[in-house]
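Let me begin by handing over the structure; questions about it come next.
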Protein chains: 2
Amino acid sequence: MAAIVSTKADTPRGTRAQEDYLEQILSLIEKKGYARVVDIAKNLNIAQASVTGMIQRMDAEDLVSYEKYRGVILTSEGEKIARAIINRHESLTKFFKLFGLYDDTIYEDIEGIEHHMSPPTLATIQALTKELERQPALLDRVKSKVFQAT
Amino acid sequence: MAAIVSTKADTPRGTRAQEDYLEQILSLIEKKGYARVVDIAKNLNIAQASVTGMIQRMDAEDLVSYEKYRGVILTSEGEKIARAIINRHESLTKFFKLFGLYDDTIYEDIEGIEHHMSPPTLATIQALTKELERQPALLDRVKSKVFQAT
DNA sequence: AATTATTTATAGCCTAACCTAACTTTAATT
DNA sequence: AATTAAAGTTAGGTTAGGCTATAAATAATT
């Protein structure tokens, strides 16, 4: 069951920062049912005013739908991007957890690299993760070389 | 021989863009003996004027040493960063090459992620690469799942 | 219902990192 | 040595994505 992966970036794109916003917005909506500016700001460590500004730009670019003083919701385009980035985030987390790295280390690294990983490369990491899950001995050898256990 | 890896980011830092410049400058110096503005610009796909400007900022920040109309050289700080980023680049290339991804795919992804990978995570990738080199059967299984051979 | 607190929005500002167009300096060629 | 070509610099401008301070709108509390 080979996953045929195209070369052309089939990944929908916003900027790096926009991907962060979309990821947060979707995760807030799924967790609380709505996404408030104040929570987005808190989670991304950004000033409220900056969030308002960005959301207005993202509304103009049809990534979210927004009306003043009402909440923010995702357009289908925005949701597609959000799901892709969340998928990347989860896959990478699963992968790095195999090696016993600190959660903080994992989180920070992924925060940076998730925005830059193409579908084929991600698919490779996913496939590799599956194989490695069946190789505890190999994993132990790797872990013993890098001593940074959780 | 466990590589003990500290948590504190022992990675010297410039900005993302500065790391790209430093990487280019060092690689030009090693290849041709000197780094000209025009070549840096060409390799990074950036206008000459932008390179001049950035180099002036990097001179002020002691990452490079520069005199008008003369060439650019790296300070020891700049060289340290450059070597770190080149090391990351090479390690990641080696890793992704294991799986038969397209060279272009590899190059683009690494260009993005190399700026965001911590020393512990990089050390893990390096250790994993070594182990996987001895596991052709496992690699074949991964490759067969992701069909994007070179 | 009036007041207070919370949340959003606006205005104005800043920095990084790019750009083009025009000018200057150095290098190469006749 | 004079001219042309190439490389480098300066000036001025743009855009993304932040910031603070202030004002307006909504929500909560007395």
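Residue numbers start from 1 in every chain, and the chains themselves are labelled A, B, ... in the order their sequence lines are given, proteins ahead of strands.
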*In whole angstroms, how far is the P atom of D:dT9 from the CZ atom of B:R70?*
12 Å
*asked:* Please report the distance, rounded to the nearest Å, between CE in B:M58 and P in C:dA16.
replied: 13 Å
_Contact residues, residues 43-54 of chain B to DNA chain D [heavy atom, < 4.0 Å]_ = B:Q48, B:A49, B:T52
*Minimum side-chain heavy-atom gap B:E61-B:Q18 below 4.5 Å*: yes
*Check the distance between C:dT7's P and A:D39's CG and give it to me in whole angstrom.*
8 Å
_With a cut-off of less than 4.0 Å, is there a side-chain N or O of B:K68 near OP1 or OP2 of D:dT10?_
yes
*Tell me: CZ of B:R57 to P of C:dC14, nearest whole Å?*
17 Å
*Report the distance from atom CD1 of B:I40 to atom P of C:dA17, rounded to the nearest whole Å.*
15 Å
*Would you mind reporting whether B:K42 and B:Q48 have side-chain heavy atoms less than 4.5 Å apart?*
no
*Thinking salt bridges, do B:R36 and B:D39 make one under a 4.0 Å N-O criterion?*
yes
*Separation of C:dA17 C1' from B:H115 NE2 (nearest whole Å)*: 14 Å
_Between the side chains of B:R83 and B:E79, is the shortest nitrogen-to-carboxylate-oxygen separation below 4.0 Å, so that they form an ion pair?_
yes
_In this structure, how many angstroms lie between the P atom of D:dA16 and the CG atom of A:D20, rounded?_
17 Å
*Taking OP1 and OP2 of C:dA9, is either one under 4.0 Å from a side-chain nitrogen or oxygen of A:Y66?*
yes
*Any salt bridge between A:R88 and A:E114, counting N to O under 4.0 Å?*
no
*Check the hydrophobic clustering (I, L, V, M, F, W, Y; side-chain heavy atoms under 4.5 Å; chains of links allowed) and say if B:L28 and B:I73 are grouped together.*
no
*Measure from the side chain of A:T15, starting at C-beta and using heavy atoms only, and say which of D:dA7, C:dA16, D:dA16 lies closest.*
D:dA16
*Candidate nucleotides D:dG18, D:dT10, D:dA24, ranked by approach to the side chain of B:Q56 - the nearest*: D:dT10
*Within the pair B:Y69 and D:dT10, is there a side-chain N or O less than 4.0 Å away from OP1 or OP2?*
no
*Atom-to-atom span, OH of A:Y21 to C1' of D:dG18 - whole angstrom*: 8 Å
*Group every Ile, Leu, Val, Met, Phe, Trp and Tyr by side-chain heavy-atom contacts under 4.5 Å, then state whether B:L138 and A:L98 land in the same group.*
yes
